Amino acid sequence: MEQNLQSFWSIHIEEIFRNLQATVSGLSGEEAEKRLKSYGSNRLKPLKRSDAFTLLLAQFKSPIILILLLATGLSLFLHNIVDASIILTIVLVSGLLGFWQEHSASNAVAKLLAIVQIKAAVLRDGKEQEIPVEDIVPGDILVLNAGDVVPGDCILIESRDVFVDEAMLTGETFPVEKSVAVLPAGTALAQRTNALWMGTHIVSGTAKALVVLTGKGTEFGKVSERLKLRAPETEFERGIRRFGYFLGEVTLVLVVIIFGINVFLHRPVLESFLFSLALAVGLTPQLLPAIISINLAHGAKKMAKNKVIVKRLSSIENFGSMNIICSDKTGTLTEGKVLVESANDVSGNASEKVFLYAYLNAFYETGFTNPIDEAILDHHKPDISGYSKQDEIPYDFLRKRLSIAVAQGDSHLMVTKGALSNILDVCSSAENKDGSIVEISTLQDEIMQHFAAFSNQGFRTLGIAYKKLPTGSLISKSDEAGMTFAGFLTLFDPPKANILDTISSLKKLGVSLKIITGDNHLVATSLSKKMGLPDNRIITGPELRMMSDAALLRSVGSVDVFAETEPNQKERIIIAMRKAGNVVGYMGDGINDASALHAADVGISVDTAADVAKDAADIVLLEKDLGVLVEGVREGRMTFANTLKYVFMATSANFGNMFSMAGVSLFIPFLPLLPKQILLTNLLTDFPEMTIATDNVDSEMVDHPRRWDIKAIRKFMITFGLVSSVFDYLTFGLLLLVLRAGEAQFRTGWFLESVISASMIVLVIRSRKPFFKSRPGKYLLIATLSIAVITMIFPFTPLGTLFGFTPLSFITYLLILLIVIIYIVTAEVTKTIFYRRVRF
């Protein structure tokens, strides 16, 4: 069937209906289910499997773990059953821990994403209903309005002044007008004006369309297959990847050297191989993916409690790093409830006639719901029982006007409402206060004076115009000419009561607010003064058009308000801010915000936004309020801080211990720890780290934006790894030279020092403050102390004997604990010096 419809824009609509076995009333629910199973989900790439079994297998996919399992199998084959069984058990327990945490995290995230799911209106069982876009199938009838994302490749069956933004597919800057037609098969993609393409969005107008292709079969699907549609990597993801490569390289070099030297010293090959692999497991932060997933999911759940839904988990880091938030004023800085102030004639006097025209226009408008029309309809209700609608030209972002044709008896009228300058562009005359019609040029100055006066008071001012029509005539955009200017409609949206506190809170967090609005500069100036923003100059859209990119880059830091901006200018402003070295968030909910949301480091929208805006956003607010955003920024920074803690832990005591063990193995006649003992050490030190997501975060880690700094992390690893190694070799010296320990005693003493020091050091490096001045999270503290106690008792248990440990004397315990205490004090002093010299 699909083969016949590859050039569907060149086929008559009746034939397409027959081919798809579809009807104008839509599919039945039962038929849609069958097609969903047949065609598959309407996705560009398959949904990432996160079922329990797949997630469990993923815990064991590391090459090092797989080689270790193979080597353990060889050990079993050679009848070393006890040791092999212990190693297998430890690997399994470690994998199950990672699985349990990641499975919980993925379930939590799935529930959150379901809250902000994008849906499409379709006809099913003859009724219009909203369904998730993933469930759209060929043969569905779509009902599309301004702001909707097109969920598949479609052929138009009805259209009314439909304009579509196809920039993401064709590169065309301006919206393309669409209409019902049959076109030649060879028509270029950008000229196929009878078809709608997946991933594009409706800018204005209304339409019904028949879905022909979905998922990878669409034009967008073909492009995404070639590009593999990978989301751009965030700075955090890039840092984690580089960090992983760095540790991987260090591990590989170390393991090869250790194995080679042990074989050279004529030690058993299999035992040396297992020892090298166990060291690799200790060196590799194999829990890093799980810890990151847990931290980000935990952060996302906490943010959800503050009405912030994270669609893309990795954006949490950028959210925390954000130092500029750009927003339109409506609903974020203001109450979001537009109210009508007055309807005035050209002389500025209150006019019931002007309001009647505005009411007719708003009442009969059938495009997308907007707060201005709602405000007009709520203001008061004039009697319009004698009027009937004849036709409509929907609003679009190029004309910035909306026209309605109405009839009253034998009288036919077109009423147009829109931005004042765009209304004046189509007017040749104006109605004077006495009802006389005069040339508009005679009143132009007076009109602009009233406009300036309204704007200076902070009112948004629209123009109302009308035109008499011949009986029964339909209207088109060409009729928007030679109109009569009737007067002004002024509206206001008061600032939120707590907005000054919210802006102050953002400043304390190191986040600057920038207003990017389509309102005129006078309204924007009035609002910025009420917001307490600095009295910096305002850049307007016309000024932006005259500025070069270099000039904008120089100016963007000192400007807090951008007024009279076009959608593409919003994107340009954000790109300039990013080039200036800022991490930029953009908050938008309109059709014309999509490109800016894509351009920002963090795209933020609201649950009530147009589909195209919600789809482009990384983060969706359930409440349109900057106050919600403040809490979200704090949670984002806390999540980032806790993720960094694990990285610090993995690169300090753990790394130092394994490095020391590798070194000492070259100078003593036996392995410092057996492979099973190394894996047990690694497992025990993992337990406190798994509670990091619940740890408390110091205020200084939240009070300003922080960014991933791989150089600083390398310095941290070298500094604290060396400190750890110094005390490791001190322990070796104590055990070998002072206490004259044998093999079993040496391994037991080293195991005690290694696990206890690695656990306790967590309490030191988790904070920049002295450890006794920063309270750790309850679960982290319990896990750390529990592991320390279990480790001290372990050699006295039968299980300890099975692992090759032996009880030590009381004096040995005291000396080891003394080394651990000195190590903690030294690490504390080192931490203070380190953070004075290295700032990040």
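Quick caveat: nothing in here was measured; it's all calculated off a predicted structure. Computed from heavy atoms alone, side chains included, the values below leave out hydrogens, waters and symmetry copies.
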K353 vs E431, test: salt bridge (Lys or Arg N to Asp or Glu O under 4.0 Å). Steps then yes/no. CA-CA 11 Å; K353 181 179 181 180; E431 184 176 326; 3.0 Å; yes
Just do the salt bridge (Lys or Arg N to Asp or Glu O under 4.0 Å) check on K178 and E166 with the steps written out, would you? CA-CA 11 Å; K178 298 286 184 174; E166 296 183 340; 2.5 Å; yes
I'd like to know whether K400 forms a side chain to side chain contact (heavy atoms under 4.5 Å, CB included) with Y395, so could you lay out the CA-CA distance, the side-chain angles of the two residues, the decisive distance to 0.1 Å, and finally the verdict. CA-CA 6 Å; K400 295 187 177 179; Y395 180 89; 3.7 Å; yes
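Residues I404 and L360 fail the side-chain proximity criterion, which asks for heavy atoms closer than 4.5 Å. Within the 4.5 Å cutoff, no side-chain heavy atoms of T490 are placed close to those of V340. Between V511 and V630 there is no side-chain heavy-atom pair separated by less than 4.5 Å. Using a 4.5 Å heavy-atom cutoff, the side chains of I141 and L210 are in contact.
Salt bridge K467/E480: absent, no basic N to carboxylate O contact under 4.0 Å. With respect to the salt-bridge test (charged N to carboxylate O, under 4.0 angstrom), the residues D560 and K514 qualify. Contact check on D549 versus R572 returns a salt bridge, with a Lys/Arg side-chain nitrogen under 4.0 Å from an Asp/Glu carboxylate oxygen. By the 4.0 Å N-to-carboxylate-O rule, D373 lies close enough to K417 to be salt-bridged with it. Using a cutoff of 4.0 Å between basic side-chain nitrogens and carboxylate oxygens, R578 and D601 are scored as salt-bridged.
Ring to ring, F488 and F451 are not that close: their centroids are 6.0 angstrom or more apart.
Applying the ring-ring contact (aromatic ring centres under 6.0 Å, His included) criterion to F355, with sequence neighbours excluded, gives H379, H380. Listed by chain and number, the residues in a side chain to side chain contact (heavy atoms under 4.5 Å, CB included) with S504 are K508 (sequence neighbours excluded). With sequence neighbours excluded, the residues satisfying ring-ring contact (aromatic ring centres under 6.0 Å, His included) with Y357 are Y466.
Once rounded to the nearest 0.5 Å, the distance linking CG of L489 with CD1 of I423 reads 11.0 Å.
A donor-acceptor contact shorter than 3.5 Å links the side chain of E543 to the backbone of T540. With N323 contributing its side chain and V583 its backbone, the two residues share a donor-acceptor pair below 3.5 Å.
In this structure, a donor-acceptor pair under 3.5 Å is absent between the side chains of N349 and S347.
Of all heavy-atom pairs between A358 and I464, the closest is CB-CD1, 3.9 Å.
Counting non-hydrogen atoms of neighbouring residues, nucleotides and ligands closer than 6.0 angstrom, the NZ atom of K381 exceeds 12 such neighbours.
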